[in-house]
Amino acid sequence: WILVRLTELVLRQKRRIMMKFKTRIKELRARYDLTQDDLAKSVGVRRETILYLEKGKYNPSLMLAHPIARPLKTTKDDLFVFEDEKTKNE
């Protein structure tokens, strides 16, 4: 029972963290007229990776965040944002 409860708490925490994660990839791709495929090829990943990042279903490593930011002419800090609860509720 304790293991099941602990697993539920961990999963709930992961969902909450994922909800706070935001990305500006789609916005910046549109600004520079890049498709998901264009960006994926320039970074060396699959198009689905870009799709999952845009939807917030995947959090990139630092090793991936920097190469994604480069063709979008921004920094990884401006591209990937963790929204805190106070900002979200205001």
Side-chain angles (χ1 to χ4, degrees):
W1 180 84
I2 292 173
L3 183 59
V4 170
R5 184 72 179 133
L6 184 59
T7 302
E8 289 173 354
L9 289 172
V10 168
L11 290 174
R12 194 174 311 143
Q13 183 66 23
K14 281 185 177 180
R15 272 189 231 118
R16 195 167 23 168
I17 290 170
M18 297 254 325
M19 287 178 15
K20 295 177 191 176
F21 179 74
K22 294 183 116 188
T23 176
R24 297 180 57 220
I25 294 174
K26 189 173 185 176
E27 169 195 340
L28 294 170
R29 272 194 316 101
R31 181 182 296 172
Y32 296 110
D33 198 31
L34 293 170
T35 65
Q36 289 176 342
D37 196 47
D38 294 335
L39 181 57
K41 285 179 182 174
S42 72
V43 175
V45 297
R46 294 175 44 160
R47 184 191 60 80
E48 291 82 6
T49 301
I50 303 300
L51 173 69
Y52 291 146
L53 286 166
E54 288 181 354
K55 290 183 177 251
K57 294 184 177 184
Y58 176 68
N59 296 338
S61 67
L62 289 174
M63 296 293 289
L64 180 58
H66 187 70
I68 290 172
R70 196 174 305 135
L72 298 174
K73 299 175 177 72
T74 191
T75 65
K76 60 187 176 299
D77 293 332
D78 288 335
L79 188 58
F80 300 101
V81 178
F82 285 94
E83 187 178 75
D84 87 15
E85 287 294 317
K86 291 178 185 174
T87 305
K88 189 176 180 181
N89 293 329
E90 291 178 347

(request) Provide the closest heavy-atom pair for Ala65 versus Lys76 in the form atom of the first, atom of the second, distance. (result) CB-CB, 4.0 Å
(request) To the nearest 0.5 angstrom, please state how far the CD1 atom of Ile50 sits from the NZ atom of Lys26. (result) 13.5 Å
(request) Please test Asp33 against Asp38 for side chain to side chain contact (heavy atoms under 4.5 Å, CB included), starting from the C-alpha separation and ending with a verdict. (result) CA-CA 9 Å; Asp33 198 31; Asp38 294 335; over 6 Å; no
(request) For the residue pair Leu64 and Tyr58, establish whether any side-chain heavy-atom pair is separated by less than 4.5 Å. (result) yes
(request) Measure the spacing between CD of Glu48 and NZ of Lys57 and express it to the nearest 0.5 Å. (result) 12.5 Å
(request) Kindly compute the distance separating CG (Leu51) from CD1 (Ile25), expressed to the nearest 0.5 Å. (result) 10.5 Å
(message) Can you confirm whether Tyr32 is buried at OH, in the sense that more than 12 heavy atoms of other residues, nucleotides or ligands lie under 6.0 Å from that atom?
(response) yes
(message) If you define the side chain from C-beta out and look only at heavy atoms, does anything of Glu54 sit under 4.5 Å from Gln36?
(response) yes
(message) I'd like to know if Val45 and Phe80 are part of one continuous hydrophobic network [Ile/Leu/Val/Met/Phe/Trp/Tyr, side-chain heavy atoms within less than 4.5 Å].
(response) yes
(request) Grab the two heavy atoms, one from Asn59 and one from Leu53, that are nearest each other, plus how far apart they are. (result) C-CD2, 4.5 Å
(request) Search all heavy atoms of Leu39 against all heavy atoms of Pro71 and return the closest pair with its distance. (result) CD1-CG, 3.6 Å
(request) Looking only at non-hydrogen atoms, find the nearest pair between Leu72 and Leu79 and report the distance. (result) CD1-CD1, 3.9 Å
